[in-house]
Amino acid sequence: MGTPSDALEVLAENYEFIESIGPCLGFRRAASVLKSLPAPLRNINDIEGLPCLGPETKAVIQDIFECGSSSKVEEVLTDERYRTLKIFTSVFGVGPKTAEKWYRRGLRSLEQIVSDSSIHLNKMQIAGFQYYEDISKPVSKAEAEAVGHIIKEIAGCFSPDVTMTLTGGFRRGKEFGHDVDFLLTVPRPGKEDGLLPAVIDQLRIQGLLLYSDFQESTFDLSRLPNRRFEAMDHFQKCFLIVKLKKEQVVGQQAEQRCGRDWKAVRVDLVAPPAERYAFALLGWSGSTQFERDLRRYSRLERNMLLDNHALFDKTTCFFCNKVIHQRRIPMARCDSTASAMLTANQD
DNA sequence: TGCTGGCAAACA
DNA sequence: TGTTTG
DNA sequence: ACAGCA
């Protein structure tokens, strides 16, 4: 707390709550720039030459160096509306609109929400409240790997040659996350369609499925160059909450005399065709800000369009994965650029 | 000065 | 249709 | 309301 980047995040979040998306993005990007620095700022002069830090963000950072805090940020932190919306949006399935609606009704705590019979929660929010305690706790790397073993076991029954990669924050080296992301595929084209339904069914049979939201694939390679490149991919995917037994987690004692012997964990599974695996992996490795910047870099500096499915060269009007089979060079270059940026991405 | 800044799909 | 998720 | 760009 109290660091310049945290302070800017608070302001960004507050602008998000009042649906002012421009300033929200401005503060978020500024915070992200500070987080990406190799060393923390020592004084106000260190921001010289950094991008996305204008007069407004500079004033905030300056206040923190001079007074130890920014009055503007402190004001937001004590604001009842901000504090309440922050609590409400911490529930899975509750965004700024819903939080705002509850706030306007005079509600101020989660207890008031659940005991209010006039409020109708949707499927996602019901799960969000039901497993709130577990889901709000960070997920450890050991827990992520334990989930991985369960999924891999099931997916391996569907197809022994399944490929599975832990993505998201853990792939970037983080020790904790708020959920666990996996990318899965099978070599035979088209067979990946049955993969996630099979995994979900088996989780349900084993009594480990607490919530699931399955999204059918809408991926269509033939229509890629026409439409504007998209931020969210069209691969088959599912957002789950699964039951993770404590005894399955390495380094955690099974002896829990009292209380539950399991924990609810948010899990996302994505199943692209094997041929699209590399792009999906890059896209799902995050962070959100890094993906934004990578796309912006492709577009503005390289005249290319990047998304989770492909990399398109606007100059030659070819996809880079096509080119690798025909000419071999550009993909390697794109790939090394992407890897270099990925390596540099320290969240 | 005025525009852009991540978008598709499930659910209610 | 609006809201939320990643 | 923020910041960068045409």
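What you see is a predicted model; the values in this text were computed from it and never measured. Letters A, B, ... mirror the listed sequences (proteins, then strands); counts begin at 1.
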Cationic tip of A:K245 above A:W262 ring, under 6.0 Å, 45° of axis: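 Verdict for A:W262: no cation-pi partner in A:K245.
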
NZ or CZ of A:R276 within 45° of A:F235 ring axis and under 6.0 Å: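 Because its charged atom misses either the 6.0 Å distance or the 45° angle limit, A:R276 does not stack over A:F235.
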
Euclidean distance, atom [atom1] of residue [X] to atom [atom2] of [N] [Å, nearest integer]:
X: A:W102; N: C:dT3; atom1: CH2; atom2: P; answer: 14 Å
X: A:R28; N: D:dG4; atom1: CZ; atom2: C1'; answer: 19 Å
X: A:L50; N: D:dA3; atom1: CG; atom2: C1'; answer: 14 Å
X: A:E13; N: D:dA1; atom1: CD; atom2: C1'; answer: 17 Å
X: A:F182; N: C:dG6; atom1: CZ; atom2: C1'; answer: 16 Å
X: A:F27; N: D:dA3; atom1: CZ; atom2: C1'; answer: 10 Å

Under 4.0 angstrom between A:R266 side-chain N/O and C:dG6 OP1 or OP2: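 So the side-chain polar atoms of A:R266 do come within 4.0 Å of the phosphate oxygens OP1 or OP2 of C:dG6, strictly under.
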
Any A:S20 side-chain N or O less than 4.0 Å from OP1/OP2 of D:dC2: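 False: A:S20 side-chain N/O out of range (4.0 Å or more) of D:dC2 OP1/OP2.
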
Where the side chain of [X] is defined as all heavy atoms beyond and including C-beta, which of [options] is the nearest nucleotide?
X: A:E56; options: B:dA10, D:dA3, B:dC11; value: D:dA3
X: A:P23; options: D:dC2, C:dT3, C:dG6; value: D:dC2
X: A:M124; options: C:dT5, C:dG6, D:dA1; value: C:dT5
X: A:C52; options: D:dG4, B:dA12, B:dA10; value: D:dG4
X: A:D213; options: B:dC11, D:dA1, D:dA3; value: B:dC11
X: A:K97; options: D:dG4, C:dT4, C:dG6; value: C:dT4
X: A:L25; options: D:dC2, B:dG5, C:dG6; value: B:dG5
X: A:F92; options: C:dG6, D:dA3, B:dC11; value: C:dG6
X: A:N122; options: B:dC11, D:dA1, D:dG4; value: B:dC11
X: A:Q215; options: C:dT3, B:dA9, B:dG5; value: B:dA9

Of all pairs that satisfy salt bridge (charged side-chain N to carboxylate O under 4.0 Å, His left out), the ones with a partner from residues 119-141 of chain A, not counting sequence neighbours: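 Output for this query lists A:D134-A:K137, A:D134-A:R260.
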
Interatomic distance, A:F170 atom CZ to A:E175 atom CD [nearest 0.5 angstrom]: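 Result: 8.0 Å between the selected atoms.
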
D:dC5 to B:dG6 separation - P atoms, rounded to the nearest Å: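 My reading of the P atoms in D:dC5 and B:dG6 gives 15 Å.
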
P-based separation of B:dG5 from C:dG6 [nearest Å]: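 That atom pair is separated by 23 Å.
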
Touch class at under 4.0 angstrom, heavy-atom based, for A:Y15 against every strand present: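 The residue A:Y15 makes base contact.
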
Ring geometry between A:F17 and A:Y82 (parallel below 30°, tilted from 30 to 60°, perpendicular above 60°):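 The rings of A:Y82 and A:F17 sit tilted, inter-plane angle from 30° to 60°.
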
